[in-house]
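In what follows, chains are A, B, ... by sequence order, proteins preceding strands, each numbered from 1. FYI, side chains are in, hydrogens and waters are out, and symmetry mates aren't considered; it's all heavy atoms of this structure.
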Protein chains: 4
Amino acid sequence: MKRSAILRVQCPDSKGLDAALAEFIYRASGNILHFEQHMVQELGLYLARIEWDLDGFQIEMRDFARHFAPIADRLNMKWQIALSSDRLRVAVFVSKYDHCLVDLLYRWHTGELACEIPLIISNHPDAKRHADFYGVPFHVIEVTRENKSDAERRQRELLKQHRVDLIVLARYMQILSPEFIADHPQRIINIHHSFLPAFVGAKPHHQAFERGVKLLGATAHYVTEVLDDGPIIEQDVMRISHRDSLQDLVQKGRDLEKIVLSRAVGWHLEHRVLLYANKTVVFD
Amino acid sequence: MKRSAILRVQCPDSKGLDAALAEFIYRASGNILHFEQHMVQELGLYLARIEWDLDGFQIEMRDFARHFAPIADRLNMKWQIALSSDRLRVAVFVSKYDHCLVDLLYRWHTGELACEIPLIISNHPDAKRHADFYGVPFHVIEVTRENKSDAERRQRELLKQHRVDLIVLARYMQILSPEFIADHPQRIINIHHSFLPAFVGAKPHHQAFERGVKLLGATAHYVTEVLDDGPIIEQDVMRISHRDSLQDLVQKGRDLEKIVLSRAVGWHLEHRVLLYANKTVVFD
Amino acid sequence: MKRSAILRVQCPDSKGLDAALAEFIYRASGNILHFEQHMVQELGLYLARIEWDLDGFQIEMRDFARHFAPIADRLNMKWQIALSSDRLRVAVFVSKYDHCLVDLLYRWHTGELACEIPLIISNHPDAKRHADFYGVPFHVIEVTRENKSDAERRQRELLKQHRVDLIVLARYMQILSPEFIADHPQRIINIHHSFLPAFVGAKPHHQAFERGVKLLGATAHYVTEVLDDGPIIEQDVMRISHRDSLQDLVQKGRDLEKIVLSRAVGWHLEHRVLLYANKTVVFD
Amino acid sequence: MKRSAILRVQCPDSKGLDAALAEFIYRASGNILHFEQHMVQELGLYLARIEWDLDGFQIEMRDFARHFAPIADRLNMKWQIALSSDRLRVAVFVSKYDHCLVDLLYRWHTGELACEIPLIISNHPDAKRHADFYGVPFHVIEVTRENKSDAERRQRELLKQHRVDLIVLARYMQILSPEFIADHPQRIINIHHSFLPAFVGAKPHHQAFERGVKLLGATAHYVTEVLDDGPIIEQDVMRISHRDSLQDLVQKGRDLEKIVLSRAVGWHLEHRVLLYANKTVVFD
C-alpha cells in the first residue's frame, strides 16, 4: 500500500483550476495517482479529488495548509486534506438487527474497511457477542422516551473520549436529536431499508409490501435534520415477486443493506465523497 | 405455436382447488401446458393461471362457461377465459416523445407482442410518420383545457368503433378523466418514468435529479383514479452518477421505459397478470 | 412455520399429470401450499414440485411411499419426498478464504438457512475461530499430493459418521477425486468465482482481469466429474471497471460469491432444485 | 452544445503528466470540461482524456499538432485529437436480424448518437425498408463462399468512397477476412450475443441454452483477427430461467444486444475509449 495524500476541493468554476492543482503537486515532486474532477454545470461549481504518492513529496504534510492556502484563497476553494495512513475512527450504532454490524466488523477485520472501530454503541445488549468476538468495546446505552437526552449526553461523551470521526447507524432504531445531528455534519451515515425517497420513515418493508413494488431497495445517506432526506451516498435494489412474503423482504433486504452500507462507509473512509446542494459526488 | 386456452381464477383458499381445476381440464382431455397458482397467505386468497393445449380438448370453447360455471360457483371463483389465438386489440396513446411507441410497433411487427394495433391516438401530429411506416391508422385529437371532455368523447368513440381491449399510454402526457378511467378498469397501462412511489406526478426526472438518487427508475402500472397509484406490473432501474446531466437522465430513461412498458404489455397480452388488493401477480 | 411435505417428481409428459398429483393430495385431505410444474418441451419431460400442509393430511408420512407408488409406477415417475421439519445435515468444506463460510454460518445462525451443520472440514486451521464462535466442530485434514487418498478416506468417515446430506465447497481449494464425486451425486455444491463457462479452472479472477471483462461473475453448481461443468444452480454478476485492480476484483467478488452460494444452498435445502440433462430447474 | 476538443493520450507514467496537460490547455486559455486519467499500475502506463471548451481557446485546431508535438515528444506520448463538432462517419453492416440496425437508426435520428451514417451494407435485402425510412443508402452485397474476396473488395470501395471512420457490425453474420480486419484497426465494433469469453463462435444462444446458464449476456468489442477475442467495450446480462425456451432467449437477447451495442458505439463516437494490451478503458 502506497502512502498517499488525498486533497478534495470545491470552488466556483474558472479556467486553469486543473492546471493550478496539478502544478502545485508537481512542483513539490508529487506523483499523482488519481485525479478526478467534475463540473456541476447548473451551478458553475468545480469539484475535484486528487490523490498523490507521498514518496518524494517535498512538502511536509504538517505544513501543507501553509503551502496550499495561497492557491486556495486565490481560487476561492473549500478544501480538505487527508492521508491514506490516517485511519478514520468509526463508532457503529446498532439496535437488535445485527446483520450490518456483523458485516462491517468482518470487512474491517479483513482490511476491506481501512478504519479503526474504537467502540460500538447499542440500546440493546444483544449484539455484544459479535463485538466481543472482534475485540471491540461494546457500550449498552438504553434509550427511552424519558432518558433520551441523558442517553445522548452519554453517547456524546463516549464519542468525544474516543475521538470518533464517523458515526455509522447500522440499523440503529432510535431517532437522533436535531442537536446531535447538527453537531456531526456529514459525519453520520445511516442505512434506510428502502429506495429513498420512496417509503420514508417507519417500517419501509411493510410499506413496500403494501404498495406491491417489484424491486426492493436500500439507501445509505448522510443524516440531516429532516428524516431520511440527507444526501444519498449509495442505493441498490433487488427483484422481488408475489412469492415473497413480508418476512422474505426482511431477509432479502439484509443482503442489500449490508452491501449498500458497506460501500458508502468504504467510500467515506477513502475520502471519495464530496457534497454540494443536497447531493453527493462519489469519485471512483 | 400451439392453440391454447388460458384460465385465470381467484377465490377463497380451500382444500382441493388445484385438484378441481386440473381434474376439470383432464376430464375434457386437455393437456395442461402451464399450471401456476399462488396463495396470498394474509388474505386467504387463492390465485391460479392454467394454460392447456386445445388439441383434443373435448369442450367447445363457446360452451366453456356452461361447463365450468358449476365448479366456479361451488368454489366461489371469479374467473376469466381467453384463447391464445384471440389477439387483444390495443390502442396506443402517445404525445411527442415517441420512443415507447416506436418500440411497441417494432415488437408488434416482429411478433414479439401478439396483438392487433388498430389505431394510435395522439394529441400531436409528430409521431404520424412512424404509424404510417407500420401501417397503423393515426388519429390526432388535440387536447386543451377547454375541449378536454369533447376530446375524450371522440377518443371513446374511436375505442368503441375499433373494439379496443387495452389502452397503452406510451408517454401520453394528458391526464385522463376519472370517468374515462372508471370505464376502463384494468384496461389502461401507463409508463411512469420513475421508480414509483418515488417521484409521483409531473417531471419525475427533474425530481430525481434534484434529490440526487443513484438509480433511475421506470414503472408500468394499471391506471386508477389516484394519480400514479395503480397496481404496479413491472419496474426496473439503471445506475446513474454525478456525470449524468438532466438531459442524460432523459436519454437513459428511454431505454428503461421501453423495456418496462413492453414487458408489462406483453404479460397483459398473454393473460399473465392477476390483480388483488392494489397489487399484481405476474405468473411467468 | 407450517409443517409441510414436499414432493418432487419427473416423468414423461402425458395428459392428466397435474390432476393425478393434485387429486392424490386432495383425497388424503392435504391442503396444497405450492404447486409448480414445468414441461421441458424439447424432451417431452414433465417436472413438478408440490408442497402441502401436513395439518389434517391423512397419510402417515412413513407410509407415503406405499400410497404413492402405484401412481408413480403408472406414470413412470421418478420422485422424492421430504418434510420441511427434516433439516438436512450439511458439511462445509473450506480452505483459507473464509468469507463464504462465515456468511453461511451467520445465515444458519439467524435461521435463514434451515439445516444442521454438524461439522466443518478444512485443509487449513485458519477458519477455526469462526467455527468455534458458532459452536460447530472444525476438523483440520491436511491435503498434500501424497496423502490425498488418505485424506479423502478420513473426510468420508466423518461425513458418514455425521450422516451428512449435503457437502458445500465454500472456496475449498482442493480438487475432489472422481470416486468421491461419484459417491455424492447431486450432493456437492461448489462456488466458482466466475460466470461459468467463462474462466473455467484455476485463478478465474486473474483470467477475468487479463481478458478485460466489464462484469465480474460467480456461479454455484453441483459438482460432477468434469471440472466446473456441473449443473448450474445460480449465477450473478457485478459491474467492474478499469479502476478495479486484481485485488479489487477479489474483494468485490466476495460479495458475489457469498450471495450466489447462499441462494443455491438455500434452494437445495428447501428442495426447490430439480435436475435433468445437465441443467437445473429451480422452482420459486 | 458546446464546441469542444477531446485529446486522448497514453504514455509511460512519470511525475508531472497531469500538470503538463492541464498547463498546456490553460496557457492557450482553454476551459477544461472533463479531465480523466488512469494509471495502469502493472504496466506503468498513464492514460488520459481531456475535453475542453473551444470558446476562447487560442490555438487554431489545424495548428494543434504543431503546438502539442513538443510536449508529446518529450513525454513519449501517443495521442489523438478530435473535435466534438466533427461527427464520425459510420457504416452499419447487417444481415437479416435487423433489431440492432433499427435501434441504431432511431438513436441516430433522435441525436443520441452524434454521427453521420452515410451507408448501410447488407448481404440480404430484407432490412432495406428501415434504411429507406431513415433516408440512408442501403447497399446489398451478397456474400457466398465463392465471391467472398470480391464482395469485400466492393465493400471496401464503398467504405473508401464514403470516407467511413467506423464500421459497426450490427448482427452481420459473415466473418470478415484477416486482411479486411487488419486494415481497420480499432475501427470495427461487433456485437456478440453472449457474455464473452463464454460461448465464442456460432450460435451462442444455443450454447447458452444447452449449458443451462442463469443469465443471458451480450458483448460489444473491437474486432481483431482472433474470432470474438478483441478488446471488450461493454457487456451486460439479464436473468433467464427454465421457463425460457431457446426462442425466448433470442427474443430477450435482442434488448440486451441493442443496449450494449449502442452504448459501445456512443462511447466510441464521443472518443471515450482508449486501448491498451487487449483491453479498453472507457472514461465516463
Which side-chain N or O atoms in residues 239-249 of chain B pair as donor and acceptor under 3.5 Å with protein atoms at least two apart or in another chain?
residue : atom : partner : partner atom : Å
B/R239  : NH1  : A/E234  : OE1          : 3.0
B/R239  : NH1  : A/E234  : OE2          : 3.3
B/R239  : NH2  : A/E234  : OE2          : 3.4
B/R239  : NH2  : A/Q235  : O            : 3.0
B/S241  : OG   : B/R243  : N            : 3.0
B/R243  : NE   : D/D284  : OD1          : 3.4
B/R243  : NH1  : A/Q37   : O            : 3.1
B/D244  : OD1  : B/K252  : NZ           : 3.1
B/D244  : OD2  : B/S241  : N            : 2.9
B/D244  : OD2  : B/K252  : NZ           : 3.3
B/S245  : OG   : B/Q247  : N            : 3.3
B/S245  : OG   : B/D248  : N            : 3.1
B/S245  : OG   : B/D248  : OD2          : 3.2
B/D248  : OD2  : B/S245  : N            : 2.9

Do the ring planes of C/H205 and C/H193 sit parallel (below 30°), tilted (30 to 60°) or perpendicular (above 60°)? perpendicular
Sidechain-backbone polar pair: B/S29 side chain, B/Q58 backbone, donor-acceptor under 3.5 Å: no
B/R272 NZ/CZ over B/F283 ring centroid, <6.0 Å and within 45° of normal: no
Give every donor-acceptor pair under 3.5 Å between a side-chain atom in residues 7-14 of chain B and any protein atom, sequence neighbours left out.
residue : atom : partner : partner atom : Å
B/R8    : NH1  : B/V273  : O            : 2.9
B/Q10   : NE2  : B/L275  : O            : 2.8
B/D13   : OD2  : C/N31   : ND2          : 3.4

Which answer fits B/L33, side chain, backbone, both or neither, if we ask what part of it has an atom under 4.5 Å from a heavy atom of chain C? both
Over 60° means perpendicular and under 30° means parallel, so classify the ring planes of B/W79 and B/F68, tilted if in between. perpendicular
With a 4.5 Å cut-off on heavy-atom pairs, point out which of B/A48, B/A22, B/G56 contacts chain C the most. B/A22
Give me the contact list for residues 38-47 of chain B versus chain C, heavy atoms only, anything under 4.5 Å, ordered by residue number. B/M39, B/Q41
Where at least one partner belongs to residues 255-277 of chain C, residue pairs that pass ring pair (Phe, Tyr, Trp, His ring centres under 6.0 Å), sequence neighbours excluded: C/Y222-C/H268
